[in-house]
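Here's the structure, in structure tokens; my notes come after.
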Amino acid sequence: MTKQENTLLLVDGNSVAFRAFFALQNVGSFTNHDGLHTNAVYVFKKILDNILKKYSPTNVLVAFDAGKTTFRTKKYSDYKAGRAKTPGELSEQLPYVRKLLAAYGIKDYELADYEADDIIGTLSRQGEAKGYRVVVVTGDRDLTQLTTDQTTVSVTQKGFSEVEEYTPAHVQEKYGLVPRQIIDMKGLAGDNSDNYPGVTKVGEKTAIKLLKKYDSVEGVYEHIDDMKQSKMKEHLIEDKDTAFLCKDLATIKTDAPLTLGLEDTKRQELNETKLRSFYEELDFKSFLKELTGEDPDATKKFNEIEITLLDESQLKKVPAAPKGPVAFYLEIDGKNYHSAPFIGFVLKIDGQYFGARDVQLLKEEPLKQILTDPKIKMDVFDSKRTFVGLNRLGLEMTAVDFDLLLVSYLLNNTENSDDLGELAGLHGFDQVKTDEQFYGKGAKREIPSDDKKLFAHLSHKAAAIADLKSQLFAELKDNQQQDLYDEMELPLALVLAKMEIAGITVDTDRLEQMQSEFKERLAQVKQEIFNEAGEEFNINSPKQLGHILFEKLELPVIKKTKTGYSTAVSVLEKLRGMSPIVDNILVYRQISKLQSTYIEGLLKVVFDKDQKVHTRYTQTLTATGRLSSVDPNLQNIPVRLEEGRKIRQAFVPSHPGWQIFSADYSQIELRVLAHISGDEHMQEAFKSDRDIHANTAMQIFGLDSEDEVTPNIRRQAKAVNFGIVYGISDYGLSQNIGITRKQAKKFIDTYFEKFPGVKKYMDDIVSHAREEGFVETIFHRRRYLPDIKHKNYNVRSFAERTAMNSPIQGSAADIIKVAMINMDKKLAEKKMKTKMLLQVHDELIFEVPNEELKEFEDLVKNVMDSAVDLNVPLKVECAHGKTWFNAK
DNA sequence: GCGATCACG
DNA sequence: ACGTACGTGATCGCT
């Protein structure tokens, strides 16, 4: 498109302000220091910025309605009657919207007896006559009647950073009408929101049908005699006058007697001084910062927050019935909040700060009540950590509203820090030091003994939580991620906290027994390796091992790494048979991995007091929305090889007569792919519960019956399915199943021919990523892909594969999260003793008393199956036994 | 502190 | 012709 010189932007002020108000209703605390509501002004400003940036207009005018009575009410007294009154919280903001416009150098205008629509209609025609490109911005679809080749009507959407652009072609597509017929449609069908009726029993659908045949209201009545006898015909005849009146009401004036002209709409320069004092008046800190590039609080010093340090005698100073939300920050000295010592806490209650080092005070009133009362909403950083910390004190935090860590993660998981200071800084609040800056790191790390110093840091953390709440909630809402937060991540945090606290019991005797067995075998194999090598060396050192294999024994070099020879399994496997040392090294590797990571590593993290391990799930780390597990990682306990699988014998129920129960989603990622791609063949395979890999095999090898699928063919097809999920490349596939690139490419091409829906999804998702800069899951979890337009092929290709994979992996992660929340709820409702212990991406592990086994199996299948309604069924497979090993 | 390796989905 | 499958965490040796 060639760039035109002059663009005239016409904004329907009332309608956009109305949309803005409802876009951010009941979100955070959107009032300034005088109690003035500011949500509509805030969003109006955001929308304005978006459209100014998008269209770079030379001329701008924002039109407002002048009052209740207009020429339309004179023609038809019920026009817009019965409309709910504009809420006071909105009308009080309209003068401030105008103030904002004035500071922006934008003209606003209203005209007695006319609506904003008519001002816009008139100016748009004047603009067209002068050769302007005209853009109308409104929340009201009626204005689409103004679209022409020169005039675009942009209707604001639910989220406030998007608009739907109506051109004549888009109107055609949406309604099947040309723009001027919109008024004929309104005439026949009427308009509920403007309170005019149209013809009885004629709605949009019927109106469109009539107009396609007869072109206009006039056309309909010219041909009324040709119409077959029907109820509709009777209604049309009866309501003829109404139809013409309504068409007239719907018609936007293009000749209103304006007292200003195009030359008055020229955009003036933005007045920074005015804008600054305006933002200050409304307490728009983030906008102030964007304006000046500095923080409005920058002049404040850290110790300027006044805080009351509490002891027993001071507790009565704390307001027992907070009026607003309470910000709470609990500091724990170290990552592992299950065991690390407490440092102190800070509360911000109704503008006042309270704190203490002695966390035992939290058990005293009124603090206990504030923390545990479900009616008092808490704002925190990391609700899971906070919940576990309070649980150690015997307190149960029940009501969290805002979790700064979780919300930050949902908004942008590429900048994923878990440091409050760093995250606050990313969102424009840079008055909190990072923990590393404040406490120091490594050997220099130290908790200040000076109260003033310590509580300056902690109170600023609470300040950041309180301060960022409304801004970040607004961004969530704009991304349509409010539900993802309210219904998924926030409740999940508490479910995870309970699982972590429950822990899983470890049979340390069994581990120690394995430890001595492995020790013996390792010594044996080690000796054989040294004999074969003719010298002693450190087998664990890739460098020393490389020297022995490739220099001393002169085995062929298969692959190199940056630092030398590669000795990875894939390489050693190719060297098998050339020297007996290779097999021994493979055995040594396998056993020593089990020994160091799983036997010794696990024994180190078992808690003495309960013989359990209490992992921590990282809820805000992965780019796709999966969880991860640390300290210990219980999501990578060996299972593929029998030898390692035995480690699972050491995971046992916490009570005798209980069972370990495992429930896993079968093929969840491929089912998700079948759902989001809409591919018919793939959906059909799942709907008839076929073996999906065999099904793929039949398709890509052109087989007629499942009998022809040999194990090897099925294995290859399975690899193709995996490849598809990962964003396939021929080389990757060829490496994985040991075929040539050419063959791999053929498999892929055939696959896409047989599953065209999948092919289309892959193409569409990549172009979506290019256009929007991100991809999302079925629950609106986002992943930004800045590299999608990178000029380097490799970098770009990687981003493209990520675009294909993330919605699949991420949606699967979303689904099991929903299942976990529902499961937790059901177990509580039914007062069952069964406990959910672990999540391993597509499976859940429980411990179940024998007497609940039967009921539980039905329950878990049911809950997991119905976590989400996809176009294909979900399938859950269950197993149980007296150890995790036996739950297979 | 980083790369190589290998455990999992 | 590019260089190569998606997402993680723990351990080791070596700088």
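We name chains A, B, ... by the order of the sequence lines, and we start the count at 1 in each one. Nothing here was measured: the structure is a model prediction, and the numbers come from that model.
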| query | What do you reckon, is NE2 of A/His681 surrounded by more than 12 foreign heavy atoms closer than 6.0 Å? | reply | no
| request: Please work out whether the ring planes of A/His614 and A/His338 are parallel, tilted or perpendicular, with thresholds of 30° and 60°. | output: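 Aromatic pair A/His614/A/His338 classed tilted.
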| Is the A/Phe550 ring parallel, tilted or perpendicular to the A/Tyr565 ring (thresholds 30°, 60°)? |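 The arrangement is tilted - the two ring planes meet at 30° to 60°.
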Would you mind reading off the distance between [X] atom [atom1] and [N] atom [atom2], rounded to a whole angstrom?
{"X": "A/Lys543", "N": "B/dA4", "atom1": "NZ", "atom2": "C1'", "answer": "14 Å"}
{"X": "A/Glu642", "N": "B/dA7", "atom1": "CD", "atom2": "C1'", "answer": "16 Å"}
{"X": "A/Ile845", "N": "B/dC8", "atom1": "CD1", "atom2": "P", "answer": "14 Å"}
{"X": "A/Phe885", "N": "B/dC8", "atom1": "CZ", "atom2": "P", "answer": "13 Å"}
{"X": "A/Leu838", "N": "B/dC8", "atom1": "CG", "atom2": "P", "answer": "16 Å"}
{"X": "A/Lys559", "N": "B/dG3", "atom1": "NZ", "atom2": "P", "answer": "16 Å"}
{"X": "A/Lys646", "N": "B/dC8", "atom1": "NZ", "atom2": "C1'", "answer": "20 Å"}

| field | Paired nucleotide for C/dC2 [Watson-Crick or G-U wobble; both distances under 3.5 Å] | value |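 Here C/dC2 is not engaged in any pair, so there is no nucleotide opposite it.
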Looking at every strand, decide which applies to [X] at a 4.0 Å heavy-atom threshold: base, sugar-phosphate, or nothing.
{"X": "A/Gln544", "result": "sugar-phosphate"}
{"X": "A/Ala623", "result": "sugar-phosphate"}
{"X": "A/Ile808", "result": "nothing"}
{"X": "A/Thr567", "result": "sugar-phosphate"}
{"X": "A/Ser729", "result": "base"}
{"X": "A/Asn538", "result": "sugar-phosphate"}
{"X": "A/Asn736", "result": "base"}
{"X": "A/Val725", "result": "nothing"}
{"X": "A/Arg741", "result": "base"}
{"X": "A/Ser806", "result": "nothing"}
{"X": "A/Ala744", "result": "nothing"}
{"X": "A/Arg801", "result": "sugar-phosphate"}

| said: Just checking A/Phe651 against A/Phe885, ring centres under 6.0 Å apart? | reply: no
| Members of residues 749-756 of chain A that approach DNA chain C, where some heavy atom sits under 4.0 Å away |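 DNA chain C contact set from residues 749-756 of chain A: none.
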| query | In residues 571-603 of chain A, what residues come within less than 4.0 Å of DNA chain B, judged by heavy atoms? | reply |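 Hits under 4.0 Å, by residue number: A/Arg589, A/Lys593, A/Tyr598.
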| A/Ser566 and A/Thr561 side chains, donor-acceptor separation under 3.5 Å |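 No.
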| query | Which comes earlier along DNA chain C counting from the 5' end, the contact point of A/Pro542 or that of A/Asn636, where each point is its nearest nucleotide? | reply |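 Of the two residues, A/Asn636 wins.
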Salt-bridge test for [X] and [Y]: reply yes if a basic N is under 4.0 Å from a carboxylate O, no otherwise.
{"X": "A/Arg770", "Y": "A/Glu800", "answer": "yes"}
{"X": "A/Asp691", "Y": "A/Arg714", "answer": "yes"}
{"X": "A/Lys760", "Y": "A/Asp764", "answer": "yes"}
{"X": "A/Lys817", "Y": "A/Glu489", "answer": "yes"}

Is a donor on one side and an acceptor on the other found under 3.5 Å between the side chain of [X] and the backbone of [Y]?
{"X": "A/Arg626", "Y": "A/Ala812", "result": "no"}
{"X": "A/Glu843", "Y": "A/Val840", "result": "no"}
{"X": "A/Ser516", "Y": "A/Gln513", "result": "yes"}

| field | Range on DNA chain C touched by chain A, heavy atoms, distance below 4.0 Å | value | C/dC2 to C/dT15
| request: With C1' as the reference atom in both, quote the distance from C/dC2 to B/dA7 in angstrom, rounded to an integer. | output: 32 Å
| said: Roughly how many Å apart are C/dA1 and B/dC6, using the C1' atom of each and rounding to a whole number? | reply: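 Straight-line distance between the two C1' atoms is 33 Å.
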| field | A/Val587/A/Arg521 under side chain to side chain contact (heavy atoms under 4.5 Å, CB included): CA gap, chis, key distance, verdict | value | CA-CA 10 Å; A/Val587 171; A/Arg521 285 185 61 192; 4.3 Å; yes
